[in-house]
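Please read the structure below before turning to the comments.
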Protein chains: 2
Amino acid sequence: MDNRKVGVLGGGQLGRMLIEAANRINIQVNVLDASKSPAKQIAFHDGHIEGSFKDSAAVKELAQASDVLTVEIEHVDTQMLEEVSKQVPVEPSPKTLTIIKDKFRQKEHLIAHGVDVAESRDLEGDEEGLEGRLKEVGKSFGYPFMLKSKTEAYDGRGNFVVKSEGDIEAAKKALGGRPLYAERWAEFQMELAVMIVKTKDGVLSFPVVETIHEDSICKLTYAPPRNVSKETVARAQELAKKAIAAFEGKGVFGVEMFLLKDGKLLVNEIAPRPHNSGHYTIEACPVSQYAAHLSAILDLPIRQSDLRLITPAAIMLNILGGQTPDSHIKVAQKARELTSSWPHLYGKGDARPGRKMGHLVVTASSLAKAEAEIQPLIDFVDEQKGKPLGPRNTHAEGPQPLVAVIMGSDSDLPVLRTGLDLLRKLDVPFETRITSAHRTPNWLKEFSETAEDRGFKVIIGAAGGAAHLPGMCASWTQLPVIGLPVKATHLDGVDSLYSMTQMPRGEPVATVGINNSTNAALLAVRILGAHDVDVRERLRKWMEGNEEEVLRKDKELHEKGYEAYLKSMGK
Amino acid sequence: MDNRKVGVLGGGQLGRMLIEAANRINIQVNVLDASKSPAKQIAFHDGHIEGSFKDSAAVKELAQASDVLTVEIEHVDTQMLEEVSKQVPVEPSPKTLTIIKDKFRQKEHLIAHGVDVAESRDLEGDEEGLEGRLKEVGKSFGYPFMLKSKTEAYDGRGNFVVKSEGDIEAAKKALGGRPLYAERWAEFQMELAVMIVKTKDGVLSFPVVETIHEDSICKLTYAPPRNVSKETVARAQELAKKAIAAFEGKGVFGVEMFLLKDGKLLVNEIAPRPHNSGHYTIEACPVSQYAAHLSAILDLPIRQSDLRLITPAAIMLNILGGQTPDSHIKVAQKARELTSSWPHLYGKGDARPGRKMGHLVVTASSLAKAEAEIQPLIDFVDEQKGKPLGPRNTHAEGPQPLVAVIMGSDSDLPVLRTGLDLLRKLDVPFETRITSAHRTPNWLKEFSETAEDRGFKVIIGAAGGAAHLPGMCASWTQLPVIGLPVKATHLDGVDSLYSMTQMPRGEPVATVGINNSTNAALLAVRILGAHDVDVRERLRKWMEGNEEEVLRKDKELHEKGYEAYLKSMGK
């Protein structure tokens with residue numbers, strides 16, 4: 001792209017993936033790390049520096065050979081970087097790295113900029129007084145609470161969950177001697193993460209992902225997050241942008257958040273660099289977090305539209321080291337057998353338990369399909385780890401229902417049965433609810449307004465008589481609403497038919513025949529099929545079956561004659 | 001993935017992208033080519049061989065250091081490779097390379113295996129007799145015909161279009177002295193290409209793409225091809241699989257085809273390696289052509305589902321060298337300004353006119369969107385090249401219509417007007433047609449059966465009286481069909497309403513109110529919006545506008561009182 005050279009402190013997997021993006025546009029990246037480190041393996045030139053990114057002489061040598069310096073880890077000597085930044089730009093700024101690498105200072109900085117974080121308390125002081133201070137925190141925050149090291153903490157190292165006063169001794173043993181702080185336990189329903197790109201012009205946001213941690217290490221990310229409303233996603237992006245706007249410098253930043261049970265969002269932690277929760281962007285976005293980092297630090301053009309999902313769903317699974325040195329190879333091989341993903345192995349040599357050896361990303365036309373594709377691999381990983389199989393995933397119980405079937409009264413259910421049977425036969429997941437426009441107007445409003453965010457694509461409303469249900473539903477949603485007129489006591493169902501078809505201009509109800517739940521179901525299938533070839537293919541086969549049946553009957557009538565045929569019908 | 005090493009003859013862009021895929025799974029690739037060749041730049045190890053892939057000593061050295069050999073170019077010494085293959089496997093087999101690198105022999109081989117190709121005639125013989133033989137071909141094939149070199153021909157080099165007998169002298173001058181053959185001119189409507197993966201178990205197929213050549217060099221590929229039926233796509237994949245099944249060995253193969261004006265498919269040329277027409281697979285498929293090639297030659301698992309599109313549309317643009325040494329850099333920079341693509345630059349140094357310096361891939365939620373995104377960049381490239389701008393793209397005139405609006409008679413059009421205006425206002429592309437179920441039943445059948453392949457997502461059918469139109473249409477398509485009952489002379493439109501709603505079980509018509517074309521249009525918009533957030537957002541804004549209008553009226557009525565309000569209505 002141009003002749004500038006980027007110097008990076010650290011040559012692990014993040015540096016390696018940064019180089020993959022840089023190779024694409026012919027930007028030379030000089031790596032400071034041991035020889036044959038993961039990043040160096042994929043960039044063949046003489047600009048690398050052999051040594052430690054903690055050695056100031058080596059960092060200065062790297063600065064000499066580069067037009068801009070960046071880091072793949074924040075645990076660096078930021079004072080020395082401050083010095084170096086007088087010769088060559090360092091991004092993000094050493095000042096920012098200094099604040100972020102101390103997790104307590106990071107928090108104080110965020111609070112000062114009006115960003116919501118979990119309540120914390122400083123615990124630094126004489127070592128003898130630590131027990132007393134911990135007990136005080138227990139009284140004030142209640143148990144459990146988190147005990148955390150301010151520095152050198154990552155992947156769960158440096159964290160301790162204090163479950164009761166009885167844990168304090170063990171906590172002191174685990175983390176004593178380090179600079180500590182305590183954090184109130186966050187009762188979260190889910191953890192979310194967002195990668196933010198800070199350029200010379202402002203902040204841009206990647207999509208929001210759900211993250212699943214196991215033993216304090218990221219195991220899975222889901223893009224988009226499962227069962228999270230668009231409103232919450234938008235709030236998470238705004239919070240992440242606000243948090244990163246509070247810092248100086250350019251580059252990508254990872255923002256990890258808690259989504260609390262009451263819907264509130266708190267920032268948990270920030271990383272001033274590409275982050276595990278953004279790996280999925282390589283496959284799932286036009287511009288990956290690594291390409292975005294390069295763009296930001298080199299002032300290359302980048303736009304919000306570069307950071308969108310190009311595929312409806314992407315799930316990332318980390319490949320962590322297991323009990324044997326080749327455990328990651330086994331997972332990668334299994335991944336090729338079981339999924340349509342091309343793994344990223346980091347070239348780290350032998351595995352150690354919990355070490356990040358690689359990752360992979362499964363993409364699909366829906367989260368449900370991606371989950372179904374990756375589950376056997378997760379089972380394999382869990383089995384290798386000796387983790388008991390069982391109800392593993394509280395979010396993913398069955399596929400995401402796509403059709404909402406609502407009825408004004410349970411008396412409509414017998415009419416709906418044939419249609420519901422058909423949806424099941426055609427493998428279209430649905431959810432059935434009773435909600436009356438007149439007896440539960442508020443529940444109908446709430447259901448209709450949230451249907452889209454809950455992942456439904458189409459709604460079937462069955463009702464008899466004055467039949468306001470589908471029409472009111474259509475007034476509170478932008479989804480297509482199918483009306484199924486149910487024949488009630490009077491007027492033969494024509495009352496419901498008119499109530500549905502004759503909606504005012506603005507809120508259409510797609511009305512089918514009276515009591516014809518088969519056609520209501522088939523219309524829902526056609527609507528889904530307009531954008532899903534698999535569904536369309538199942539529908540096509542079903543319609544062919546019907547055609548064949550009629551042709552078979554015609555042949556029989558033609559051969560037998562009408563009298564014998566009537567007889568076989570028992571008429 | 002394992003410890004096997006791959007040796008590759010040639011270190012250009014194909015070798016480079018092969019290594020990108022190999023790096024991901026930690027497979028070492030040893031490259032035989034000049035030092036600092038594009039492929040070597042991204043693989044830092046001591047297994048590369050410096051030299052020419054035409055030098056047999058160097059090839060033997062490469063074989064020594066590798067567990068399997070492959071090629072990134074077919075113009076190699078295949079006899080020598082035959083020798084080498086006694087020591088180490090060569091994929092695809094030297095026998096296959098021998099056949100394919102001679103384009104006339106390739107054709108004869110395909111014909112012998114029952115694969116349709118363009119008619120050809122051997123022209124080898126004494127140089128003096130060439131003119132006579134060319135004239136004979138002209139008489140037999142007619143003009144224009146193609147004069148082609150059997151060997152060392154690629155990117156248009158070695159091809160000459162003989163437009164009339166007057167061109168024969170120039171043709172002799174251009175290609176005389178080479179082994180030649182003539183090919184009948186193919187009157188094609190489009191060129192298609194398919195990448196095929198040949199494994200130890202059989203053949204798998206990537207999606208079909210449309211290719212656009214300019215000056216005999218590939219300029220653009222479109223996945224999926226524009227305005228090509230699924231039936232044709234399936235035939236193209238079958239033909240490509242049949243062609244490649246006729247050869248020995250493993251690896252990916254590119255198959256270029258002509259889609260003739262009469263719908264017939266002919267194989268044009270085969271490449272026994274990754275191919276320009278498969279570059280899009282890096283961004284657009286779970287497993288790229290390069291990953292697939294590695295999988296095939298190393299017997300790693302690979303499945304048909306690995307080769308699907310993960311995004312609805314992908315357009316590849318080659319970055320070709322222009323008049324200045326940095327012309328490709330300018331295109332890449334412009335690409336970052338104008339599109340959401342991260343370019344692939346091949347690390348080739350200075351550009352030369354027509355040299356393949358890089359490429360880029362734009363992905364989008366529809367081909368229409370991808371075309372709109374890439375067009376300004378194509379304009380930039382054409383302008384750089386001094387190509388006059390103008391009607392550049394005969395296929396892409398306006399966006400793909402998504403809604404088909406059919407009516408039984410032009411007398412229905414005035415009723416449709418309000419709905420059509422609304423579709424236009426909400427920026428939903430549509431097409432209007434007249435087709436009567438009774439007067440043009442065959443045209444209705446043809447229209448309905450092909451609607452899906454033509455890219456429509458939903459159909460609106462307007463009709464009055466007995467109103468068979470939407471019902472019959474629904475019987476010939478799997479798309480959702482909206483019925484708009486039009487009030488005719490008798491029965492106030494109830495006749496049409498019943499004709500549409502009361503369809504038999506199996507073929508639903510989504511019926512809206514009598515004459516309510518607004519609701520027919522809005523229902524179409526909701527159906528599109530179920531899978532397109534942009535459409536949904538436009539609908540949401542429109543509905544909000546309606547809400548505000550009613551609230552404004554309410555305020556006015558409340559403030560003025562009903563008498564003044566009636567007066568302002570002129571009543």
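All values derive from a computational prediction rather than experimental measurement. Numbered from 1 within each chain, the chains take letters A, B, ... in sequence-line order.
In this structure, CD1 on A:Ile19 lies 11.0 Å from CD1 on B:Ile42, to the nearest 0.5 angstrom. Here CG of A:Asn519 is found 9.5 Å from CD of B:Gln502. Values are rounded to the nearest 0.5 Å.
Interface residue A:Ala21: backbone and side-chain heavy atoms are both found under 4.5 Å from chain B. If you measure heavy-atom distances from B:Ile482 to chain A, you find no contacts under 4.5 Å at all. Heavy-atom distances place both the backbone and the side chain of B:Ala474 under 4.5 Å from chain A. When heavy atoms are compared at a cutoff of 4.5 Å, A:Leu294 approaches chain B solely by way of its side chain, counted from C-beta outward. In this structure, no portion of A:Ser365 lies under 4.5 Å from any heavy atom of chain B. Heavy atoms of B:Val362 lying under 4.5 Å from chain A are absent altogether. Within the 4.5 angstrom heavy-atom criterion, no atom of B:Pro485 approaches chain A. Interface remark: B:Leu497 contributes side-chain atoms only to the contact with chain A (heavy atom separation under 4.5 Å). Using a 4.5 Å cut-off between heavy atoms, B:Ala284 does not touch chain A at all. Proximity to chain A is absent for every atom of B:Leu484, based on heavy atoms less than 4.5 angstrom apart. For B:Val509, the part lying near chain A is the backbone, with the side chain staying farther off; criterion is any non-hydrogen pair under 4.5 Å. Contact annotation for B:Glu373: only side-chain heavy atoms (C-beta onward) come within less than 4.5 Å of a heavy atom of chain A. Neither the backbone nor the side chain of A:Val361 has a heavy atom closer than 4.5 Å to any heavy atom of chain B. For chain A, the nearby part of B:His45 is the backbone; its heavy atoms alone come within less than 4.5 Å. Contacts of A:Thr418 with chain B are absent, with no heavy-atom separation under 4.5 Å from either backbone or side chain. Only the side chain of A:His48 comes within contact range of chain B, with at least one heavy atom under 4.5 Å from a heavy atom of that chain.
Shown here for A:Leu479 and B:Ala530, the closest heavy-atom pair between the two residues is CD2-CA, 4.5 Å. Residues A:Pro301 and B:Glu337 share a closest heavy-atom pair of CG-CG, 3.8 Å. A:Arg505 approaches B:Asn516 most closely through the heavy-atom pair CG-OD1, 3.3 Å. What you find for B:Pro312 and A:Ile310 is that their closest heavy atoms are CD-O, 4.3 Å. Across all their heavy atoms, B:Ser340 and A:Asp306 have their closest contact at OG-OD1, 2.6 Å. Across A:Pro343 and B:Ile25, no two heavy atoms sit closer than the pair O-CG2, 3.7 Å.
Of the listed residues (B:Lys330, B:Arg303, B:Gln333), the one with the most heavy-atom contacts under 4.5 Å to chain A is B:Arg303. For the options B:Met17, B:Met500, B:Arg308, B:Lys36, heavy-atom pairs under 4.5 Å to chain A are most numerous at B:Arg308. Across B:Asp2, B:Asp326, B:Val512, B:Leu309, the residue that shares the most heavy-atom pairs under 4.5 angstrom with chain A is B:Val512. When the candidates A:Ala291, A:Gly347, A:Ala332 are compared by the number of heavy-atom contacts under 4.5 Å with chain B, A:Ala291 comes out ahead. Counting heavy-atom pairs closer than 4.5 Å to chain B, the top-ranked of the candidates A:Gly506, A:Ala521, A:Gly529 is A:Gly506. For the set B:Asn546, B:Thr477, B:Leu402, the entry with the most heavy-atom pairs within less than 4.5 Å of chain A is B:Thr477. Listed options A:Thr511, A:Ile329, A:Leu522 were ranked by heavy-atom pairs under 4.5 angstrom with chain B; first place goes to A:Thr511. The candidate from B:Met503, B:Arg540, B:Glu547, B:His328 with the greatest count of non-hydrogen atom pairs under 4.5 Å with chain A is B:Arg540. Chosen from B:Leu300, B:Asn26, B:Val481, the residue pairing most often with chain A at heavy-atom distances under 4.5 Å is B:Asn26.
A side-chain contact (heavy atoms from CB on, under 4.5 Å) with A:Ile527 is found for exactly one of B:Ile527, B:Leu523, B:Leu528, namely B:Ile527.
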If you apply the rule side-chain contact (heavy atoms from CB on, under 4.5 Å), what do you find for B:Asp532 with A:His531, and how did you get there? CA-CA 9 Å; B:Asp532 186 329; A:His531 292 86; 5.5 Å; no
Salt bridge (charged side-chain N to carboxylate O under 4.0 Å, His left out) assessment of A:Lys230 paired with B:Glu537: CA-CA 12 Å; A:Lys230 276 201 296 253; B:Glu537 195 45 40; over 6 Å; no
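The closest side-chain heavy-atom distance from A:Glu507 to B:Met543 is below 4.5 Å. At a threshold of 4.5 Å between non-hydrogen side-chain atoms, the residues B:Gln41 and A:Gln28 do not count as touching. Here the side chains of B:Asn23 and A:Arg16 are in contact, with some heavy-atom distance below 4.5 Å. Put simply, the side chain of B:Arg336 reaches to within 4.5 Å of the side chain of A:Ile302, judged on heavy atoms. In this structure, B:Tyr498 and A:Ile514 have side chains that are not in contact, with every pair of non-hydrogen atoms separated by 4.5 Å or more. Residues B:Trp342 and A:Ile282 form no side-chain contact, since every pair of their non-hydrogen atoms from C-beta on lies 4.5 Å or further apart.
Other residues, nucleotides and ligands contribute only 12 or fewer heavy atoms inside 6.0 Å of the NZ atom of A:Lys487.
Side-chain atoms of A:Gln478 and B:Arg536 form no donor-acceptor pair, as typed in the model, at a separation below 3.5 Å.
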